[in-house]
**Student:** 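Dropping a structure here in structure tokens format, bear with me for questions.
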Amino acid sequence: MKKLMIAATAIMGIMLAGCSPKQSANQPSDTMTVVNHAQKAAHRVKSGNLVQINKNTQNNKTSTGKFSAKFHLKPMIVQAKLNNTAGLVKNYDYFIDGRTVYIHADNSWSKQRLPKKSPLIKSVRRQVSGSASAKAMQYLKKHLKLQKNKTTDVLSYNGHGKLGSMVAKKLILAEANYTESTKNVLKKVTITKFTYKYTLDKKTYLPTNTDIYMQYQDKSSKKSITEEVTSTYSNVNQVKKFKVPASIKHNTPSTNQVNE
């Protein structure tokens, strides 16, 4: 079965708590109030630090990828490091500055100018900003569970029915930039489990942690794959603007423009 990867990527979900008997029908529940604030806050993310761990398990073997990034979105600049136990290139560093990508792999730097509306740029922006999480929250907001802690609130969803399957597949498609090949693969896949957890700061409603877990099965072979993506945010909207170091920006050779 073709491996389906999700990023985060990032990622939020949730089970609506019922209203109390004394609550007005026009007054939102505590859960929905938190959801509404969290969705608005997600659109206010401008900068931060992100550490994302992706674990993929199939045939009793687990591969792990780690993505660490510092980012600013207006204008977009990202400094990141990728550690991938399963990839052909195990580790590499990169900067994204507008449409230019500077990549350090195999002990050397190279740079590429990406086309306008690059899927790669869209994917990285979605990953660092957690916009996929906000989208998932929109789908799940009437089915969320709220846990209140001292400094954080936690929104969560746990299920394997039509809703969880629909959200899981939408997240996979978004991460794959809605390619036809991914759509075809998903037709042969059954989502057997989907859980979602989004932790937010109680005062600012900005994300601190997200966790999404899914299990899917090939309809013909019955082989299962599990995927878990955990994202940890820090210094959200507190990262000062930064630049690609001059030594890299001015001394890195260019390669041909890529179509990504």
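All heavy atoms count here, side chains included; hydrogens, waters and symmetry mates do not.
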**Student:** Any idea which heavy atoms bring A134 and Q39 closest together, and the distance?
**Tutor:** O-NE2, 4.1 Å
**Student:** Using only atom types and a distance under 3.5 Å, with no angle test, would you say the side chain of R99 pairs donor to acceptor with the backbone of L114?
**Tutor:** yes
**Student:** With a 4.5 Å limit on heavy-atom distance, are the side chains of M214 and T226 in contact?
**Tutor:** no
**Student:** Spell out, yes or no, whether I96 and I103 are grouped together once hydrophobic residues are joined by side-chain heavy atoms under 4.5 Å, including indirect joins.
**Tutor:** yes
**Student:** Find the distance between NZ (K187) and CG (N184) and round it off to the nearest 0.5 Å.
**Tutor:** 5.0 Å
**Student:** Does the pair D153 and Q147 meet the rule for a side chain to side chain contact (heavy atoms under 4.5 Å, CB included), with working shown?
**Tutor:** CA-CA 6 Å; D153 287 333; Q147 177 184 332; over 6 Å; no
**Student:** Just list the side-chain donor-acceptor pairs under 3.5 Å for residues 165-172, sequence neighbours left out, or say none.
**Tutor:**
{"unit_1": "K169", "atom_1": "NZ", "unit_2": "L186", "atom_2": "O", "d": "3.3"}
{"unit_1": "K169", "atom_1": "NZ", "unit_2": "V189", "atom_2": "O", "d": "3.2"}

**Student:** Evaluate N54 against Q52 for side-chain hydrogen bond (donor to acceptor under 3.5 Å, both in side chains), listing each step before the verdict.
**Tutor:** CA-CA 7 Å; N54 184 305; Q52 190 175 84; 6.0 Å; no
**Student:** Got more than 12 heavy atoms from elsewhere within 6.0 Å of NZ, K202?
**Tutor:** yes
**Student:** Of all residues at least two apart in sequence or in a different chain, which pass the side chain to side chain donor-acceptor pair (under 3.5 Å) check with S234?
**Tutor:** none
**Student:** The criterion is side chain to side chain donor-acceptor pair (under 3.5 Å); which residues satisfy it with T151, sequence neighbours excluded?
**Tutor:** none
**Student:** Considering all heavy atoms of both residues, which atom of Q127 and which atom of L50 are nearest to each other, and what is their separation?
**Tutor:** O-CD2, 3.6 Å
**Student:** Would you call the rings of F194 and Y157 parallel, tilted or perpendicular, where under 30° means parallel and over 60° means perpendicular?
**Tutor:** tilted
**Student:** D97: which residues meet the side chain to side chain donor-acceptor pair (under 3.5 Å) condition with it, sequence neighbours left out?
**Tutor:** none
**Student:** Are more than 12 heavy atoms from other residues, nucleotides or ligands located less than 6.0 Å from atom NZ of K148?
**Tutor:** yes
**Student:** What residues join V51 in its hydrophobic cluster, counting side-chain heavy atom gaps under 4.5 Å, either direct or through other members?
**Tutor:** I53
**Student:** Please check this pair: side chain of T192 against backbone of Q215, looking for a donor-acceptor N/O pair closer than 3.5 Å.
**Tutor:** yes
**Student:** Among residues at least two apart in sequence or on other chains, which ones pass side chain to side chain donor-acceptor pair (under 3.5 Å) with K81?
**Tutor:** D93
